[in-house]
2 protein chains.
Amino acid sequence: MTETSFNPSSLSTGAATGYGEPVTDCATCVVRNRAICASLDAEELALLGRLGRRQRVKAGHTLLWEGDDALVVANVLEGVLKLVVASADGREQIVGVVFPSDFIGRPFGKESPYSVTAMTDAEVCIFNRKSFDDFASAHPDLQHKLLRRTLDELDRARHWMMLLGRKSAEEKVASFLLEMSERLSGQGCNSGARSGFELPFGRQQIADILGLTIETTSRQLTRMRAEGLLDLPSRREIVINDRAAMEALAG
Amino acid sequence: MTETSFNPSSLSTGAATGYGEPVTDCATCVVRNRAICASLDAEELALLGRLGRRQRVKAGHTLLWEGDDALVVANVLEGVLKLVVASADGREQIVGVVFPSDFIGRPFGKESPYSVTAMTDAEVCIFNRKSFDDFASAHPDLQHKLLRRTLDELDRARHWMMLLGRKSAEEKVASFLLEMSERLSGQGCNSGARSGFELPFGRQQIADILGLTIETTSRQLTRMRAEGLLDLPSRREIVINDRAAMEALAG
DNA sequence: CGCTGCTTTGATTCGTATCAATAGCAGTGG
DNA sequence: CCACTGCTATTGATACGAATCAAAGCAGCG
């Protein structure tokens, strides 16, 4: 465990100071049109902007700890973060992976039900939770966006439950590769059967997502490569050669 | 498969007729203060009531099919229903269990991501989804309630992912019994270490919740009985003798 | 060049699924 | 009241998949 804590020491309600950089211009934000902020008009955006701070999070650092007071919520601007639930004896299960424009944190709740840790260097637009809760309560459109997003997340989580409870190691890895291929190769075109992408994390993390060990995960990938289903040009690169066959394996 | 479909054949937008009974008096509804309707005042309640119909669902009948158009949403008045995701080859994973006052269905979404099937005879207050979506969009307080509920469901689902991905059969069964004990023995007092309750479903369903087979589930229960942890007075009754020990097993 | 951490590969064990048979219970009708 | 039927649950024997334990390979970096 080399992970270290992000400590929002001088966090205060309202205009938070002492950490991060003030948000200067939401209008030019990279996720302006994809994040929940897309529901706001210029005036509202300026108001919310005053509550937020841009915050860099280095890979491996933890923004929220499972069980601790959920002091902050945030939008992801850049990088990839994981949501982790751990058991008393140290087993870990990744219960969510968030990308730019995704929302993190637990609004309207006291304790964070999971840890949030950066898997790559990341940048987030962070809010004091109470301030955000108040703002959201006063802005139905924002709340509507948040509701839709939460419903989508719930669907995704439930679909993942099927994978965790009922699929074999081979099916798990195949499903994982297909989902990552879709989420990582951008909203762009996935025309051909071949598709390559770079995973933002290593084998152990794949295992923690799939409920497997690192050895089993590695073996499955090696076997798929041997069968010509995929190439592994480098540790974190994956090229799916035969999408249809991969879909068949995913069950 | 003896499950049969509930077919809302003459479903129309607005005041739906031709199925169920019209809602006569929301004010005296058994779940009036616990369901999302609790956010509404008398006038709003009357409006929503006009959109709803009381509908009985017999045990084993399916209200919504995975992948089909999600035509309806509903509040549970009585009984217990399950949310099921199935794979092409017939494996099933129960991804949620809903009780009276819980909300079911997928607002703001076209396809239902899972099937909803009654585990016991049940009664629901059912709405045409589109009408409900419109009503919700116009009533921020209702939407707020729905958001909180969805966030809670998401937390529960993610917690369950840890169980499915990382826990042993013994830990799964122990966790399950503790959770059911809490959700079934009502909001009442759970004073003593001993607690008994009646499950609304059989062994196969427990297995489908835990991602196990019926045999493994049965063996774990028998073993726990042999060790004095619990009693099994009848097929569906469970008495936990030593709650602390059970919590230790749950991991 | 030789660390250091991550990944792959191999040998073995263990837990759970699978296959198969029996037991128990609920409902039905003689 | 009891025999019969169908369904659910339990119990047993065995097989298989993934975990575990152990070692070697490989890449990045001072």
Side-chain angles (χ1 to χ4, degrees), chain A residues 1-3 59-60 87 89-93 119-121 163-177 198-227 230-238 249 251, chain B residues 1-3 59-60 87 89-93 119-121 163-177 198-227 230-238 249 251:
Chain A
M1 282 309 143
T2 56
E3 294 176 355
S87 69
D89 61 345
R91 282 170 289 179
E92 292 196 352
Q93 176 66 47
M119 302 177 95
T120 66
D121 287 350
L163 176 141
L164 291 170
R166 292 297 186 201
K167 290 194 177 180
S168 70
E170 180 178 64
E171 293 171 317
K172 284 179 176 180
V173 171
S175 306
F176 167 80
L177 292 175
E198 179 169 351
L199 293 172
F201 38 74
R203 297 285 183 272
Q204 181 60 60
Q205 318 252 35
I206 302 178
D208 286 343
I209 290 172
L210 297 177
L212 297 172
T213 57
I214 184 173
E215 294 95 330
T216 300
T217 306
S218 176
R219 273 187 253 269
Q220 292 298 333
L221 286 171
T222 319
R223 208 179 40 65
M224 287 178 178
R225 183 185 51 185
E227 288 173 7
L230 48 76
D231 291 328
L232 304 168
S234 78
R235 287 191 167 183
R236 299 196 163 193
E237 277 176 282
I238 308 264
L249 282 191
Chain B
M1 281 302 150
T2 56
E3 294 175 357
S87 68
D89 60 345
R91 284 170 287 179
E92 292 196 350
Q93 176 66 48
M119 303 178 92
T120 66
D121 286 351
L163 175 141
L164 290 170
R166 293 299 188 198
K167 290 194 177 178
S168 70
E170 180 179 64
E171 292 171 317
K172 285 179 175 180
V173 171
S175 305
F176 167 80
L177 293 174
E198 180 169 350
L199 293 172
F201 38 72
R203 296 285 184 271
Q204 181 59 59
Q205 319 251 35
I206 302 177
D208 286 343
I209 290 172
L210 297 177
L212 297 172
T213 58
I214 185 173
E215 294 96 330
T216 300
T217 306
S218 176
R219 273 186 253 270
Q220 292 297 334
L221 286 170
T222 319
R223 209 179 39 64
M224 286 177 178
R225 183 186 51 187
E227 288 172 6
L230 49 76
D231 291 330
L232 304 168
S234 79
R235 286 189 169 186
R236 300 195 162 195
E237 278 176 282
I238 307 265
L249 283 191

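Just so it is clear: chains get the letters A, B, ... in the order the sequence lines come, proteins before strands, and each one is counted from 1. Keep in mind that this is a model prediction, so the values were computed, not measured.
Taking atom CD1 on A/I214 and atom C1' on C/dT7, their separation rounds to 6 Å, with Å as the unit. The distance between atom CG of A/D89 and atom P of D/dA19, rounded to the nearest whole Å, is 15 Å. Nucleotide D/dA9 holds its C1' atom 11 Å from the CZ atom of B/R225, rounded to whole Å.
A donor N or O paired with an acceptor N or O is not found under 3.5 Å between the base of C/dG15 and the side-chain atoms of B/R219. No N or O donor and acceptor, one from the side chain of A/Q205 and one from the base of C/dC6, sit under 3.5 Å apart. Side-chain to base pairing of A/E215 with D/dC21: one donor and one acceptor N or O lie within less than 3.5 Å of each other.
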- Item | Per-nucleotide protein contact string for nucleotides 24-30 of chain D (B base, S sugar-phosphate only, - none; heavy atom under 4.0 Å) | --B----

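Ion pairing of B/E215 with B/R219 is absent here, as no side-chain N (NZ or NE/NH1/NH2) approaches a carboxylate O to less than 4.0 Å.
Within the 4.5 Å cutoff, no side-chain heavy atoms of B/K172 are placed close to those of B/Q220. Looking at heavy atoms from C-beta onward, B/Q93 lies out of side-chain contact with A/L163 at the 4.5 angstrom threshold. Using a 4.5 Å heavy-atom cutoff, the side chains of A/T217 and A/F176 are not in contact.
Residue-level contact check: A/S168 touches the backbone only, with heavy atoms under 4.0 Å from sugar-phosphate atoms and none from bases. If you check every strand for non-hydrogen atoms under 4.0 Å, B/L221 touches nothing.
Residues A/L230 and A/L177 approach most closely at CD2-CD1, 3.5 Å, considering heavy atoms.
Of the residues near DNA chain D, A/L212 and B/F201, the one whose nearest nucleotide (by heavy atom distance) lies more toward the 5' end is B/F201.
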